[in-house]
Amino acid sequence: MLEKRYDFKTREKHWQDYWHEHNTYKFDENAESKFTIDTPPPTISGVIHLGHVFSYTQTDVIARHQRMLGKSVFYPFGYDDNGLPTERYVIKEQKVRLNETNRSDFIKLCLETTEKMKDVYRDVFTRAGHSSDFDSAYSSISPRTQAISQRSFIELYNAGEIERRNSATLWCPECRTAIAQSEIETVEMDSTMNYLNFGILDSDEKLQIATTRPELLCACVCVFVHPDDEKRAHLVGKKAITPIYNVEVPILANPDVDREKGTGAVMCCTFGDEADAKWQKEFNLPVLEGIGHNGRMTEIAGEFAGQKVTEARANIIEKLKEIGVLYDTKPITHAVSPHERCSTPIEIMVKPQWFIKLLEHKDEIYKAGEEVNWYPEYTKKRFLNWVEGLKWDWCISRQRFFGIPFPVWYCKDCGATILADIDDLPVDPTVTQPKHECPHCYGKSFIPETDVMDTWATSSLTPQICADTLTHKGLDDAHLPMDLRPNAHDNIRVWDFYTIAKSLLHYKKLPWNNVMVSGWGLSATGDKLSKSKTSKGELTPLVAFEKYSADVTRYWASNATLGKDVFIQEEEFNNGSKLMQKLWNASRFVLSFLEGYTPKKCELLPMDQWIIDTYRITFKNFKKYLEKFEMGLALNELEKLFWNFCDNYIEIAKNRLYKPEIYGEKAKESAQYASSMVLLGMLKMFSIYMPHITEEIYQDYYAKIEGCDSIHLSKYLDLGDAPSVVFGGYRVCDIVGEVRKFKSQNNMSMKDEIAKIVVKDDDRNLDFIKSCLDDIKAVCNIKDVEFIKSNNFSVDIEK
RNA sequence: GGGAGCUUAGCUCAGUUGGUAGAGCAUCUGCCUUACAAGCAGAGGGUCACAGGUUCGAGUCCUGUAGCUCCCACCA
């Protein structure tokens, strides 16, 4: 017998422990039917907020759904504790100054910090009732992961897909490292367009140049004009003289120049932007480093040396004004590209970096993106759009400490690149030396590569890292393609993109067949939830679990439309609380009539057949939506059935359940069968959203009946096809509705008696209605019912 | 400038192949009815952003316009 009230505060914990002890969610590799999920390892360097719970719950619902379909679900878990996000977190939290610590101490501190964070994350997801395998969770910095990642590097290097180049790279002056295209954002910023006069060698003419980056004058290597620019044609081949620095630079013709922009003449600096980098290569221009790796002006900036870029810009504008070179300046807004981690505008720098060749594989990646099933479908275009706009190869080297090292040394004598042996992985080249002498010059001294790899170089291997927890084969294509990659929309162009790229480079296979894209949980004001701090009044996961329960939190999370952001509004949680309470009460009521009863098929009364028919339809729609990962729409379908079950069916059936002496034992049995089966079926469907309360109810009665340890090890209830009496049943509900309306409008109590109703309808419906006469009379407390044949349905009521 | 999404009741949002507009919250009315008064039964409330088009019929398909959001490009 279920208690009067369901105490989620103790029962949720109870069932979480129960599932853990019973290995309820254990994956069986030898199962006939499997479903594999490439779970996103959360970046654990920061606060875990409801946004995490939002999207991870959606994945858990899918995992549970697949289990209820009878599949064994591979639902691994991992922690992304590797790389720059962790470094930044540790520096901030532990107040570390990088120049006051050494590499190994710092790495140790990073490891210690992330170890604590793992427990926090695991606790929240466990308490959210997630069914992933936390016990064999991987870490993206663990030796095992390092070995897989390094092996990927070596294999792609040997395949000619990776090379080290000394070329222009996106550079973050704040983090002092190279970064990749996917790590930059675009932000509108206020700036000024500055119009300067350049001198012309051996001439009094002036050449007008517009620039937003006057601080780069010191790195100006040439001036371009358009080849068809008649006004300036005579200048091509001459020398321009830069203001302040008085350096002679060539004036060249370049068809890339847009004559409508600025003054129509461009100064090319190395490097102000990507166009400069392109032109430097095309015209084989010298490279002048005006900005250092630390984001400060270099010696060639003369009096501005040592200043930060923004300072130098302001100062040089003043100076240009002073000397009369700046003849105009206009405020503008333009897009700049800041680094997503620190919001510092990126620069372009030249330094040897490691690149994975992506540009030459653009077509393959595009095709793969087309082959993957994206849910919702429009997210495919977002992926393809990103691939189309790809402009840089993937720079995977980072000038940082806490990351996976490159398994690489350079021969001191001949400079040859020496790779570690695969059997020795993982290696840290700063700690160990190559086993053999240099194969080229037989040198015995080596310089280690001190850069570490981009975190995405590792995260893009999650299908392999996950599979390895089962196969222990390391980098391998076992389980490829997996069934599902779930992630939020911000990761389409990052994690999804890199994973597809790597999978193609290694195996020419898709990493997974389906991608499910969730939205974000946003604060009530519509802001992105911060990972660095919890803002005032923000509902945190633990508070939500305490106040509303995990099941209600899950209900909120899964009641969303795929791919769409939602605001975190506590009112939405109230709806979940009400549903949970209703589910409890309805179950308590139904189960109270099932003591000593074992469900067995029997001849069903029409309204009992009706509720089973509506169940069948709902179940079908429910599965159809979940096939497309639309768990929110599936939930809506289920809720409609549930409320119909409560408002109409139970009200009708209760009389027969209470009073077999009036309506007969058979009428009771029929109601027992239908109510027990439909409730069971609904509990199973609800179980993927609200695993705790459904387990509690299931264990009270159904576990014994089905001989099953947990509702989560059972399968959905299939009550067959061919619904027959759906319409008639709803017509009976209409009649009941009319009577309720009548009582309501006449200020009557629902139990008050009605003397007589007259039902008009066609023959077919009247036949069905007549067959439910006892139910109708009982639920409405009507003494007499009269039937009149008519083409139009109506109900007349007499007090 | 390119791509995508959104615009439906006061609020938050559903509306699968085109067929008389839906839910929750809020508002109003009634009801202690043997699961549930943080409940139940009802009611009111929408020219489905706008303008065209296809169709017997369009919230749903097509074209265009406007506003909001996201991604990308634009840094001369």
Side-chain angles (χ1 to χ4, degrees), chain A residues 2 4-5 181 185-186 188-189 191 193-196 208-213 223-226 254 256-269 272-276 332-337 345 376 378-386 388-391 489-490 492-493 519-520 526 559-561 563-567 569 571-572 574-579 581-593 621 624-625 628 630 632-633 635-637 639-640 643 646-647 650-651 654-655 658-659 736-737 739-752 779 781:
Chain A
L2 296 176
K4 171 101 178 161
R5 295 200 81 82
Q181 190 181 345
E185 298 179 319
T186 32
E188 290 281 317
M189 272 176 117
S191 181
M193 184 64 77
N194 305 286
Y195 296 84
L196 320 178
Q208 300 180 326
I209 302 271
T211 178
T212 55
R213 303 207 57 183
V223 172
F224 288 121
V225 298
H226 196 274
N254 182 348
D256 282 354
V257 172
D258 182 345
R259 296 168 66 181
E260 304 304 314
K261 260 187 193 174
T263 62
V266 197
M267 70 169 188
C268 177
C269 309
D273 61 23
E274 288 163 31
D276 287 340
I332 56 159
T333 12
H334 65 161
V336 291
S337 310
Y378 62 76
T379 53
K380 173 183 279 188
K381 282 195 180 156
R382 292 186 55 167
F383 178 87
L384 298 178
N385 193 227
W386 170 256
E388 279 169 1
L390 194 64
K391 289 195 304 192
H489 46 56
D490 56 326
I492 294 172
R493 66 191 186 91
W520 278 336
N559 204 9
T561 305
K564 263 195 180 178
D565 297 343
V566 296
F567 301 119
Q569 288 172 319
E571 292 154 23
E572 309 282 334
N574 288 329
N575 292 343
S577 295
K578 282 185 186 174
L579 174 69
Q581 192 61 46
K582 189 83 177 175
L583 186 59
W584 183 256
N585 289 331
S587 301
R588 202 159 62 90
F589 178 74
V590 170
L591 295 192
S592 71
F593 293 102
N621 291 336
K624 201 176 72 188
Y625 280 126
K628 294 186 280 186
E630 287 286 3
L633 297 179
L635 179 55
N636 282 347
E637 285 290 306
E639 278 190 87
K640 268 192 255 168
W643 289 103
C646 293
D647 298 344
I650 286 187
E651 289 302 319
K654 76 188 337 179
N655 297 291
Y658 271 123
K659 299 167 191 164
V736 173
V739 177
R740 283 172 172 169
K741 189 187 202 167
F742 179 86
K743 288 183 176 176
S744 220
Q745 287 172 346
N746 289 282
N747 298 355
M748 294 165 74
S749 162
M750 286 300 139
K751 68 175 181 184
D752 289 349
V779 73
N781 196 11

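Lettering follows sequence order; numbering is per chain, from 1. A quick note: this is a predicted structure, and the numbers were derived from the prediction, not measured.
The CG atom of A:N194 sits 16 Å away from the P atom of B:C75 (whole-angstrom rounding). The CG atom of A:L390 sits 12 Å away from the C1' atom of B:C72 (whole-angstrom rounding).
Across A:A210 and A:G262, no two heavy atoms sit closer than the pair CB-CA, 3.9 Å.
Listed by chain and residue number, A:F593 satisfy the ring pair (Phe, Tyr, Trp, His ring centres under 6.0 Å) test with A:F589 (two or more places apart in sequence, or in another chain).
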Which string of ( ) [ ] | and . matches RNA chain B, if you list each base 5' to 3' and count Watson-Crick or G-U pairs only when both distances are under 3.5 Å? (((((((..((((.....[..)))).(((((.......))))).....(((((..]....))))))))))))....
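When each of A:F589 and A:A265 is assigned the nucleotide of RNA chain B with its nearest heavy atom, A:F589 is the one assigned upstream, toward the 5' end. Along RNA chain B, the nucleotide nearest to A:V336 and the one nearest to A:K743 differ in position, and the one closer to the 5' end is contacted by A:K743.
Looking at heavy-atom distances under 4.0 Å, A:V590 makes no contact with the nucleic acid at all. Using a 4.0 Å heavy-atom criterion, one finds that A:W584 contacts no nucleic acid atom at all. At the heavy-atom level, A:T263 lies under 4.0 Å from the strands shown only through sugar-phosphate atoms. Using a 4.0 Å heavy-atom criterion, one finds that A:A210 contacts the sugar-phosphate atoms exclusively. In this structure, A:K380 reaches neither bases nor backbone, as no heavy-atom distance under 4.0 Å exists between it and the strands shown. Counting any heavy atom pair closer than 4.0 Å across all strands shown, A:C268 reaches no nucleic acid atom. The residue A:N636 sits close only to the backbone: its heavy atoms come under 4.0 Å of sugar-phosphate atoms, none of a base. Using a 4.0 Å heavy-atom distance criterion, A:D256 is classed as a base contact.
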Pairs under 3.5 angstrom, nitrogen or oxygen only, protein versus nucleotides 40-42 of chain B, please.
residue : atom : partner : partner atom : Å
B:C40   : OP1  : A:K582  : NZ           : 2.6
B:A41   : OP1  : A:D647  : OD1          : 3.4
B:A41   : O2'  : A:R740  : O            : 3.4
B:A41   : N3   : A:S744  : OG           : 2.9

Please produce a list of atom pairs where a protein N or O lies less than 3.5 Å from an N or O of nucleotides 15-18 of chain B.
residue : atom : partner : partner atom : Å
B:U16   : O2   : A:K624  : NZ           : 3.0
B:U16   : N3   : A:Y625  : OH           : 3.3

Shorter than 3.5 Å, N or O on both sides, protein versus nucleotides 1-7 of chain B: list them out with atom names.
residue : atom : partner : partner atom : Å
B:G2    : N2   : A:N385  : OD1          : 3.2

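Side chain of A:N585 to main chain of A:K582: no donor-acceptor pair is present (N/O by atom type, distance under 3.5 Å, no hydrogens or angles). Judged by distance alone, the side chain of A:N746 and the main-chain N or O of A:F742 form a donor-acceptor pair under 3.5 Å.
Side-chain contact between A:D565 and A:H489: present, with at least one pair of heavy atoms (C-beta onward) separated by less than 4.5 Å.
Nearest to the side chain of A:N585, among B:C72, B:U33, B:C36, sits B:C36. Distances were taken from every side-chain heavy atom of A:K261 (C-beta onward) to each of B:A73, B:C75, B:C31; the shortest belongs to B:C75.
Considering CG of A:N621 and CG of A:N636, their distance stands at 11.5 Å, rounded to 0.5 Å. Summarising the geometry, atom CZ belonging to A:R493 is positioned 8.5 Å from atom CD belonging to A:Q181; distances are rounded to the nearest 0.5 Å. A:R213 CZ to A:N194 CG: the interatomic distance, rounded to the nearest 0.5 Å, is 12.0 Å. Between A:M750 atom CE and A:R740 atom CZ the span is 7.5 Å, to the nearest 0.5 Å. To the nearest 0.5 Å, atoms CE (A:M193) and OG1 (A:T211) are separated by 7.5 Å. Within the model, atoms OG1 of A:T379 and CG of A:L384 stand 9.5 Å from one another, a figure rounded to the nearest 0.5 Å.
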Go along nucleotides 20-28 of chain B 5' to 3' and tag each nucleotide: B for a protein heavy atom under 4.0 Å from its base, S when only backbone or sugar atoms are that close, - otherwise. ----SS---
